[in-house]
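Chain A is the first sequence line, chain B the second, and so forth, proteins listed ahead of strands; every chain is numbered from 1.
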Amino acid sequence: MAPQTPAVVMDNGTGYTKLGFAGNDAPSFVFPTAIASKGPAAGGAGSGSGRPAVANKPSFLTGGAGPGGHLSGKRGTEDLDFFIGDEALAAASGPGYGVHYPIRHGQIENWDHMERFWSNSIFKYLRVEPEDHYFLLTEPPLNPPENRENTAEIMFESFNCAGLYIAVQAVLALAASWTSSKVQDRSLTGTVIDSGEGVTHVIPVAEGYVIGSSIKSVPIAGRDITYFVQSLLRDRGEPDSSLKTAEKIKEEFCYVSSDIVKEFTRYDKEPERFEKYNVKQPGGREVTVDVGYERFLAPEIFFNPEIYSSDFLTPLPNIVDTVIQTSPIDVRRGLYKNIVLSGGSTLYKDFGRRLQRDIRHLVDERIKASELRSGGAKSGGLEVQVISYKKQRQRHGPWFGGSLLGQTPEFRSYCHTKAEYDEIGPSIVRRFALLGGPGQ
Amino acid sequence: MLLLDYQNVLIETLLRDRAAPASIDQVVSDFDGVTFHISTQESKSKIQVSISVKCFSELVQYGAEEVLQREYGPYIVAPEQGYDFSVQVDLDQLPEDQESRDDLIRRISLLKRNAMAAPFESAFTEHAALATEASKYTSESAPQGVREGGAVRAIHYRDEEAIFIKASHDRVTVIFSTVFREETDRVFGKVFLQEFVDARRRAIQNAPQVLFKSEPPLELEGIPGVRKGEEKGEMGYITFVLFPRHLTPQRREEVISHIQTFRDYFHYHIKASKAYIHSRMRRRTADFLQVLRRARPENEEKERKTASGRTFRVQ
């Protein structure tokens, strides 16, 4: 086997799947984790649509007659009739196909769909022979070990892949931050703020291991910002306030301000801060949308959630602080020092700086209070640092971390190979040596 | 997806969906150990695509240079360090009309296919020459060279597997040698190949004839590097016999594309069949679990007795 085949890095998220080869700067493919198969829930098969029809009763109950219904269709190739990614969404808008999302809340729910999703990712998009390549897959924190085993079963038994490593997304995001100039030592201790489309997670990682009990999630993420922008546009009565326009405005114009009140007055003084955005509507008409305060108000919902939601009111910096305070005391210093951003909704300009300032504020206040209580003792201070790095990499943080680690020469020795799997069985993937951990 | 695409989807999408120029530097793989390097080196609008093929020296020997010259003529640049062949496209100077632009993108995404096409093309041409030659003789009087056909072209496109192509006056024989490491795959492969062999008999009369053996076929006698079928049966030889009707100039291109992707197609379908069986297994397990759940006894009231035989009720 040629030793030089690059490892395949696959990061399957709830919303998007990132596919590519290790060593590259960006994933080759980013598309929705969606699969469209024929006939949504057709034929009374209920939940198992897309699965081959098996008779309702096992064959021993039907007197050995067996599942007669589908024998005639045995030669068919219906199981290959599906699309994934953008093609799936396109196919689902036409007749005959139903779209499914095999991953929910970061975890794989439908293994049939996932297996076929992988098969198509490998053969159609990446175009690799899995027997020649090592694979690096990702999993969310707190993924049950059974899911890992299922994944390994599919990767090794269906695809015969040469080797497999399953890494936790948060740990990979930490590894991705090593490319930032702010990082001096390559440690795997830090707090990862992963904010994508659906949900924002704050995950403390100590020496490469996730502190599961302290993970907190915030129900505010990219989609909410889009909705917020949209509602602002609607309130103002802009000519176009579709979700797509709101999303574009969010991506192109939004940034984080240091103080909203000051920012408001600044906008009133300097009218050139108001932008215009041209929208081409489907009919060919072109309209201009004014872009105003939402430029800094939209990302502000992370810091002042009360302007958007009425049931979730804790600002992100406080959440981060709580997460670190509930972690073991001996790692807290490291967690404060290395707060790493990852995901598309952390890309706003000055997001990191504002976060760092607010957290430092909280920490300083607490230190002052405890100094006061102790009556004269002086604290040595605490370093708070939020790390953000190259945009393109930060957007796909976990993928890029995987690409970085997957190209190291040691990577293969950390993988479990097919031979080891055959020897020990699926339980082998319950443990992986820590990639990029101490001792390197 | 029944058939695999011939083109590389990444290259295609990269070239097609380029709205704003940005720098790219990606090393990507394709089937059979082919590596592409897509980069923008001089300026952001000039995309260079380099390919590295394991058996490039063999392909050159069978005329790959001419085929590539024909396909990419003006776009060819000096091969990049470490790669075998490079083309460069300037996005600012793409052809104006949509049609020829699409054609160019398509051709570039077929880089691997075209690089591998040379031995097939030369074999097909040789077949045509031999056929005209042979039409001058009757089958008995033909000289040795015409009856035997041309030399065997071997392409060692993978470490242990190779394609052999042999042209003769009435057919072109394409032989794949395959290796199966995995027991399960071997079984699937056999079933699958049997389908191929039977297809001609059952339904599709004008399909090429397919033979499957674990011994090297006679055509390969005396060719260096042909491994005999071992006892474990890891090695197999699949022979496609292409008849003149497959080799007409109109059909040629498609036949080449099809037969090139055969190995990957074959392996893809083995894997897809396994996925199918797995999903049936999952389904069946879910059914069994349902049966078990139904069979669980309900908490029935049982009469309990003390040692002395008196009964009492549980409150």
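- Of the atoms belonging to Thr35(B), not a single heavy atom falls under 4.5 Å from chain A.
- Asp25(B) touches chain A through its backbone: at least one of N, CA, C or O sits under 4.5 Å from a heavy atom, while the side chain does not.
- Across Asp264(B), Val9(B), Ile270(B), the residue that shares the most heavy-atom pairs under 4.5 angstrom with chain A is Val9(B).
- No option in Arg283(B), Arg280(B), Arg282(B) other than Arg282(B) meets the salt bridge (Lys or Arg N to Asp or Glu O under 4.0 Å) test with Asp112(A).
- A salt bridge is defined here as a Lys NZ or Arg NE, NH1 or NH2 lying under 4.0 Å from an Asp or Glu carboxylate O, and Lys390(A) with Asp25(A) meets this definition.
- Of the atoms belonging to Phe159(A), heavy atoms from both backbone and side chain fall under 4.5 Å from chain B.
- Between His133(A) and Phe21(A), the two ring planes are tilted [angle within 30° to 60°].
- Both the backbone and the side chain of Ala26(A) come within less than 4.5 Å of a heavy atom of chain B.
- Under the 4.0 Å criterion applied to side-chain N and carboxylate O atoms, Lys271(B) and Glu129(A) are assigned as salt-bridge partners.
- Take Glu146(A) and apply the salt bridge (charged side-chain N to carboxylate O under 4.0 Å, His left out) test, not counting sequence neighbours, and it matches Arg430(A).
- A salt bridge links Glu183(B) to Arg186(B): at least one charged side-chain nitrogen sits closer than 4.0 Å to a carboxylate oxygen.
- Note: Asn160(A) leads Ile122(A), Asn160(A), Val8(A) in heavy-atom pairs under 4.5 Å with chain B.
- Contacts between Glu12(B) and chain A at a heavy-atom distance below 4.5 Å are absent for every atom of the residue.
- For Asn8(B), the parts sitting under 4.5 Å from any heavy atom of chain A are the backbone and the side chain alike.
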